[in-house]
Amino acid sequence: MNYQIPNLVNTDTFVFRIGELSRMTGVSSRQLRYWEQREYISANTRDDQNKARVYDFHTFLQVSIIKKLQDEGYRLPAAVEKMRSIEKEILLARKFFKVAFNGVEVVEGKMYLNLGYFDKAKTQVLYGLYENGEASYEVRPANDNSN
DNA sequence: ATTCTTACA
DNA sequence: TGTAAGTA
């Protein structure tokens with residue numbers, strides 16, 4: 001069997017304050033407050049207006065994407081608009097991987113990602129192999145691969 | 001130490 | 001956007 005890491009892909013509980021998010025993304029705290037004022041991003045609800053802002057992982061991704069697009073030449077409004085569509089793709093990809101990833105299995109010294117059953121009948125398993133920065137796949141029988 | 005708002009460059 | 005001021 002393979003060990004399932006509890007929060008490998010669960011970043012839902014990650015929270016950061018403005019200084020941390022700033023260092024993580026390279027976006028100044030001034031910008032983060034300004035972007036919030038323009039409703040491009042948002043911090044978790046604050047009971048007290050003078051209380052410190054708390055950002056979640058989702059916002060970290062949004063800020064990272066906007067920053068990347070700005071560096072590529074997009075102006076803030078356009079970067080935000082494009083980020084809105086990109087984040088949907090990222091969200092879908094993360095949801096997919098969260099469900100598809102079934103741990104790692106070592107075969108002949110190589111680490112294979114168990115990506116779940118390949119067919120509806122569950123007779124074959126799809127394995128992903130990461131080598132030299134590239135991904136490749138292998139389909140093997142579901143039963144005779146556990147020892 | 002860090003963040004907050006406001007205000008001015 | 002950066003920065004300074006005066007707080008919390």
Side-chain angles (χ1 to χ4, degrees), chain A residues 1-118 120 122 125-140 142 145-147:
Chain A
M1 280 290 91
N2 45 67
Y3 181 69
Q4 299 291 312
I5 300 168
N7 289 324
L8 181 60
V9 291
N10 179 8
T11 51
D12 298 346
T13 58
F14 290 12
V15 289
F16 324 97
R17 290 174 70 197
I18 202 165
E20 299 168 313
L21 183 60
S22 176
R23 287 191 292 270
M24 291 162 68
T25 61
V27 175
S28 71
S29 54
R30 176 72 173 85
Q31 285 175 295
L32 292 173
R33 296 193 186 94
Y34 177 68
W35 294 3
E36 175 184 307
Q37 185 187 342
R38 302 302 302 276
E39 296 187 291
Y40 290 152
I41 61 172
S42 64
N44 295 173
T45 307
R46 289 183 294 166
D47 36 300
D48 185 346
Q49 196 67 65
N50 279 33
K51 200 178 174 188
R53 268 165 267 253
V54 174
Y55 301 96
D56 57 22
F57 187 78
H58 176 239
T59 303
F60 160 67
L61 286 183
Q62 293 183 311
V63 174
S64 298
I65 295 171
I66 294 174
K67 167 65 173 171
K68 167 99 183 289
L69 294 172
Q70 276 195 317
D71 291 344
E72 292 173 354
Y74 285 81
R75 274 168 38 267
L76 187 53
V80 172
E81 185 177 27
K82 190 171 182 63
M83 175 276 284
R84 298 290 185 208
S85 66
I86 292 178
E87 70 174 336
K88 291 177 185 171
E89 298 170 16
I90 300 291
L91 218 51
L92 174 62
R94 297 188 76 247
K95 283 181 182 176
F96 179 88
F97 191 71
K98 184 172 185 176
V99 172
F101 181 66
N102 289 304
V104 172
E105 291 175 24
V106 179
V107 178
E108 295 171 356
K110 289 186 179 180
M111 297 174 78
Y112 289 88
L113 277 68
N114 181 324
L115 300 177
Y117 293 111
F118 184 71
K120 291 290 185 184
K122 300 185 176 181
V125 173
L126 173 66
Y127 286 97
L129 182 60
Y130 178 80
E131 253 179 345
N132 306 315
E134 287 186 26
S136 58
Y137 306 86
E138 288 180 25
V139 176
R140 290 201 287 273
N145 63 271
S146 60
N147 281 18

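As the structure is a prediction and not an experimental result, all values here were calculated from the model.
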Problem set entry | Donor-acceptor contact present, side-chain A:Asn132 to main-chain A:Glu134, <3.5 Å | no
Problem set entry | Under 3.5 Å donor-acceptor, A:Arg17 side chain and A:Glu20 backbone | no
Seminar exercise, completed: Note: chain A reaches DNA chain C at heavy-atom distances under 4.0 Å over the stretch, first to last nt, 5' to 3', of C:dT1 to C:dT3
For this session: Could you check A:Leu61, A:Val27, A:Ile41 and say which one makes a side-chain contact (heavy atoms from CB on, under 4.5 Å) with A:Ile66?
Result: A:Ile41
Exercise. Does the A:Asn102 side chain pair with the main chain of A:Ala100, one donor and one acceptor, at a distance under 3.5 Å?
Worked result: yes
Exercise. Can you tell if the side chain of A:Lys68 reaches within under 4.5 Å of the side chain of A:Ile86, non-hydrogen atoms only?
Worked result: no
Problem set entry | Secondary structure of DNA chain C in dot-bracket form (Watson-Crick or G-U wobble, distances below 3.5 Å, | marking inter-strand pairs) | ||||||.|
Exercise. How are the rings of A:Phe97 and A:Phe101 set to each other: parallel, tilted or perpendicular (split at 30° and 60°)?
Worked result: parallel
For this session: Check whether any side-chain heavy atom of A:Tyr55 sits under 4.5 Å from a side-chain heavy atom of A:Asn44, and report yes or no.
Result: no
Exercise. How would nucleotides 2-9 of chain B be written as a contact map, 5' to 3', with B for base contact, S for sugar-phosphate-only contact and - for no contact, using protein heavy atoms under 4.0 Å?
Worked result: -SSB----
Exercise. Sub-3.5 Å donor-acceptor pair from the side chain of A:Arg53 to the main-chain atoms of A:Ile18, do we have one?
Worked result: no
Exercise. For the residue pair A:Phe57 and A:Phe16, does the interplanar ring angle fall in the parallel (under 30°), tilted (30 to 60°) or perpendicular (over 60°) class?
Worked result: tilted
Exercise. To the nearest 0.5 Å, how far apart are NZ in A:Lys67 and CD in A:Gln31?
Worked result: 7.0 Å
